[in-house]
Every structure is written in structure tokens, then in C-alpha cells.
> 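I am attaching a structure below and will ask some questions about it afterwards.
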Amino acid sequence: MGLTAIDLGLRGATSGVFLLIILVTLQRRATNQYALLGMAMSAGGIFYAITSAPVFPKSSWWWTMPLMSSLPAIFWLWARVAFDDDFVLRRWHSALWLGIVAFGFTISLAWTRWPAFSKAGGKVLSSVAVVLALAAALQTIKTWRVDLVERRRRLRLAIFAINIMFIAFVAGASLAAHPVAVPGGSDSLPAAIGLFVAAMLAGIGVFGAPAAAAVNDATAAIPSGDTGRQTRVTDRAITDGILVDPLLLRRLDHLMKVERIYRQEGLTIGMLAARLDVPEYRLRQAINEGLGYRNFNAFLNRYRIDDAKVALADMAQREVPVLTIAMDAGFQSIGPFNRAFKAETGMTPSEFRREALTPQQASPEIGQPRREIG
């Protein structure tokens with residue numbers, strides 16, 4: 001009874017924290033994809049905490065299991081939105097979630113007539129959950145080095161640990177012993193502890209934002225590299241007392257605009273920090289809180305694309321291949337350059353060059369002396 005009471009207490013606290021996150025998000029009237037998926041994930045946490053409790057009726061297993069099996073898809077999408085500033089929800093993401101739910105209901109309803117089919121289907125659902133958890137874990141670490149938001153960098157480590165726990169204790173147990181996680185199973189207390197830890201981390205992320213993080217949160221839905229916003233964020237960072245060294249920003253500006261260090265192959269934030277002789281965390285803070293960038297690659301790409309735009313619009317370089325211009329600007333290959341260029345300008349490099357050079361080719365050369373007739 002004592003362990004059951006602890007289990008239920010943890011689940012009640014977890015549900016309360018997740019419910020508070022939903023209410024605060026609604027109060028803030030946030031409508032971006034990060035907020036919507038955050039509310040969906042919180043609602044899923046409440047659902048899982050309640051339906052997997054030891055006292056929850058086992059007869060409800062047929063409808064709770066499909067929805068529980070779809071929660072890893074929501075968590076994966078939330079991780080993509082949280083840790084990839086360029087991620088955009090597509091229709092196929094919703095189709096994936098609906099497909100998991102529909103498949104879950106199919107194998108649940110077929111349990112009494114075709115138990116072998118349902119058991120195999122449960123294994124498939126567990127495998128899908130493991131794959132999605134691995135995808136979420138990889139998303140949290142693959143861009144960790146270029147992330148400039150300090151709070152988000154710490155959150156990545158926590159989310160990675162939660163995913164590993166999920167794979168080891170929940171999905172692993174399902175694959176080994178039972179096709180799906182049965183509500184009130186033997187792993188109830190470890191699941192309650194994990195849910196409580198996840199809820200507390202989410203609560204700290206929502207309610208425990210320091211003053212400096214307010215700038216980051218306010219700009220979460222704005223693409224990195226908006227020039228107009230950079231000036232506003234810089235002014236706000238200084239006036240609100242955020243510790244961004246103006247001298248460091250000027251040195252960084254000189255290094256980028258005059259010395260064009262962004263052209264250096266394989267440039268990392270560590271290399272740039274070493275060049276400026278400052279710790280990495282101070283440089284990340286300066287670029288993020290002083291200039292408004294959330295990703296180091298987006299910061300570099302803004303200078304590289306501006307450099308490429310000048311070269312593409314230069315009549316003297318009209319025969320230079322686009323790949324050469326991209327490499328000269330600091331890009332490693334043509335694919336990332338094309339994607340970044342189109343995201344910035346709305347057109348491909350070739351289209352931009354054609355549009356920029358056409359007026360120059362159609363008009364007479366400026367500065368040439370006029371011929372005397374006679």
C-alpha cells in the first residue's frame with residue numbers, strides 16, 4: 001500500500017504540473033507550433049499518468065493502449081520543434097500520429113479473435129516507439145554544439161536522458177515481455193518517477209525562465225537572422241541589463257565584416273571563441289542575447305549568403321560557377337548553400353543571379369565615354 005500511495009502521489013503531482021503548463025500556455029495565447037505541441041505533450045503526460053496508474057481499470061486497456069502508443073510520436077515532433085529552429089510541421093506528421101492510433105485500435109479490437117495478430121502488432125507498435133524515441137534523442141544531440149540558447153542546451157541533456165530511460169524501461173520491457181505497456185503493470189512506480197521528473201523539467205523550462213531568457217523566448221518563433229530584429233534585441237539586451245559586452249560585439253563584428261572569418265572552412269564556435277580569446281559560453285551569449293541568433297550556423301550563413309549575393313550580382317563574375325561562389329563564401333557543399341539561400345531570399349542562387357544581371361545586361365555600361373559623331 002505504501003508504494004501504491006507513493007505511485008499515486010507522484011502521478012497526481014505530475015498531472016498537476018502538466019495541467020498548469022497547459023493553462024499558462026493558454027493564458028499567454030501562444031499559437032506557434034512549439035506551444036501547440038507543448039500542450040499536446042502535456043496533455044499526453046496527464047493521460048499516461050492516469051491511465052497507467054495501478055488503480056485504473058484494466059478493462060479500459062483496449063482504448064488506452066492505442067493513445068498511449070501514439071505519445072512517442074508527439075514527443076518526437078515536440079523535440080524537432082524545440083531543437084530545430086527551421087522545422088515546420090507537415091501534413092504527413094499528423095498522418096503518422098493518426099496512423100499509429102488507428103493501428104493501435106485495430107490490434108486492440110482484434111485481441112479476442114486473433115491474439116497472434118494483435119501480439120505481433122503490439123511488437124510493431126513498441127518498435128515504432130523505440131525508433132521515435134531514438135529519433136528524438138538524436139535530435140537533441142546532433143545540433144547541440146551549434147545551439148546558442150543556454151537554457152535549451154541544458155534541456156537537451158535532460159531530454160536525451162529521458163529518452164534513454166524510456167527506451168530502456170518502457171519500450172524495452174514491452175518488446176521483451178509483453179507487446180504493449182499494460183496500464184498498472186509491474187513497471188508502474190518507475191514510470192511514475194520518470195513522469196514526475198519529466199514534468200518537473202518541463203515546469204522549470206516554462207516557469208523558471210531567468211530574465212535573460214525572456215529575450216530568447218520572445219524570439220522563439222522568429223527566424224534566426226532577421227536583421228531588423230537584431231538591432232532591437234541588441235538594444236534591449238543592453239538596456240535590460242543583460243550581460244553582453246559591447247566591446248566583444250564590436251570585435252566580433254570586425255572579425256566577420258572586415259576579416260571575413262566566416263569564409264574559413266570548418267569554422268566552429270570554439271575556433272571563433274579562441275580567435276576572440278573568450279570562453280565559448282560568453283561568445284554564445286553575445287551572439288544569442290546580443291544579436292538575436294539562436295543557432296551558430298544561422299549566424300554564419302547570414303554573412304555567407306550576403307557575400308554570395310554580392311558575387312552573384314557582379315557582372316564580372318557572371319561566368320563563375322555557383323558552386324565556386326558558394327565555396328568561396330564558406331559553404332562546404334552546394335546542397336546546404338541552395339537550401340539556406342532559398343530560405344533567405346525566396347529564390348535559388350541561379351534565379352537570383354538571372355534577376356540581378358538582366359537589368360545590367362539590358363542597359364548601356366555606365367561610365368563609358370560617348371562616341372563623337374563626325
Side-chain angles (χ1 to χ4, degrees), residues 28 30-35 38 80-88 143-156 205-206 208-262 267-273 275-276 278-309 329-330 336 339-346:
R28 293 175 177 175
T31 57
N32 57 63
Q33 57 184 7
Y34 177 80
R80 291 296 310 272
V81 171
F83 303 125
D84 184 355
D85 295 324
D86 298 323
F87 177 75
V88 178
T143 55
W144 181 75
R145 288 290 299 172
V146 297
D147 194 351
L148 300 174
V149 185
E150 194 59 37
R151 288 174 60 245
R152 190 167 63 174
R153 286 168 59 84
R154 294 193 295 267
L155 180 62
R156 286 174 183 268
V206 173
V215 176
N216 298 331
D217 293 341
T219 61
I222 304 176
S224 299
D226 181 76
T227 306
R229 192 180 64 78
Q230 288 175 35
T231 304
R232 295 195 298 272
V233 173
T234 304
D235 295 339
R236 181 175 179 178
I238 296 173
T239 56
D240 287 0
I242 298 174
L243 301 178
V244 177
D245 185 1
L247 178 59
L248 175 57
L249 291 178
R250 288 196 293 270
R251 292 173 58 203
L252 178 62
D253 185 68
H254 181 273
L255 202 59
M256 301 301 292
K257 291 183 178 179
V258 179
E259 299 188 31
R260 298 182 179 182
I261 195 173
Y262 56 84
L267 181 64
T268 65
I269 193 167
M271 297 165 61
L272 189 58
R275 182 68 179 271
L276 292 166
V278 295
E280 274 191 44
Y281 79 90
R282 281 192 58 198
L283 181 57
R284 283 196 300 268
Q285 181 189 42
I287 299 174
N288 174 229
E289 297 171 9
L291 300 177
Y293 288 93
R294 297 167 60 84
N295 183 282
F296 183 66
N297 287 338
F299 168 70
L300 292 180
N301 286 349
R302 183 56 185 267
Y303 291 95
R304 290 169 174 169
I305 291 172
D306 286 346
D307 193 320
K309 286 163 67 176
R339 288 191 295 270
F341 194 94
K342 188 166 186 178
E344 174 71 22
T345 64

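The chain is numbered in sequence order, starting from 1.
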> Can you name the closest pair of heavy atoms from R294 and D147 and give their distance?
O-OD1, 3.4 Å
> Is there a side-chain contact between T143 and N297, using heavy atoms and a 4.5 Å cut-off?
no
> Could you go through Y303 and K257, starting from their C-alpha distance and side-chain angles, then the distance that decides it, and tell me whether this counts as side chain to side chain contact (heavy atoms under 4.5 Å, CB included)?
CA-CA 8 Å; Y303 291 95; K257 291 183 178 179; 3.9 Å; yes
> Please tell me if the side chains of N288 and R152 come closer than 4.5 Å, counting only heavy atoms from C-beta onward.
no
> Given the rule in the salt bridge (Lys or Arg N to Asp or Glu O under 4.0 Å) test, do R145 and E280 qualify, once you have shown the distances and angles that lead to the verdict?
CA-CA 10 Å; R145 288 290 299 172; E280 274 191 44; 3.4 Å; yes
> If you look at every heavy atom in A329 and D307, which pair is closest and at what distance?
CB-CB, 4.3 Å
> Closest approach of F87 and R80, non-hydrogen atoms and distance?
CD1-NH2, 3.3 Å
> Nearest 0.5 Å please: distance from the CZ atom of R251 over to the CG atom of L283.
10.0 Å
> Using every non-hydrogen atom in the two residues, find where L267 and F296 come nearest and quote the distance to one decimal.
O-CE2, 4.0 Å
> What pair of heavy atoms forms the shortest contact from Y293 to A298, and how long is it?
CE2-O, 3.8 Å
> I want to check something: taking the side chain as every heavy atom from C-beta on, are L148 and I269 in contact at a cut-off of under 4.5 Å?
yes
> Per the side-chain contact (heavy atoms from CB on, under 4.5 Å) rule, which among D245, L248, L272, L252 passes with V278?
L248
> Within the distance-only criterion (no hydrogens, no angle test), does the side chain of N301 pair as donor or acceptor with the backbone N or O of R304 below 3.5 angstrom?
no
> Is the backbone N or O of E150 less than 3.5 Å from a side-chain atom of R284, with the two atoms forming a donor-acceptor pair by type?
no
> Considering non-hydrogen atoms only, spot the tightest contact between R156 and W144 and give its length.
CD-CD1, 3.4 Å
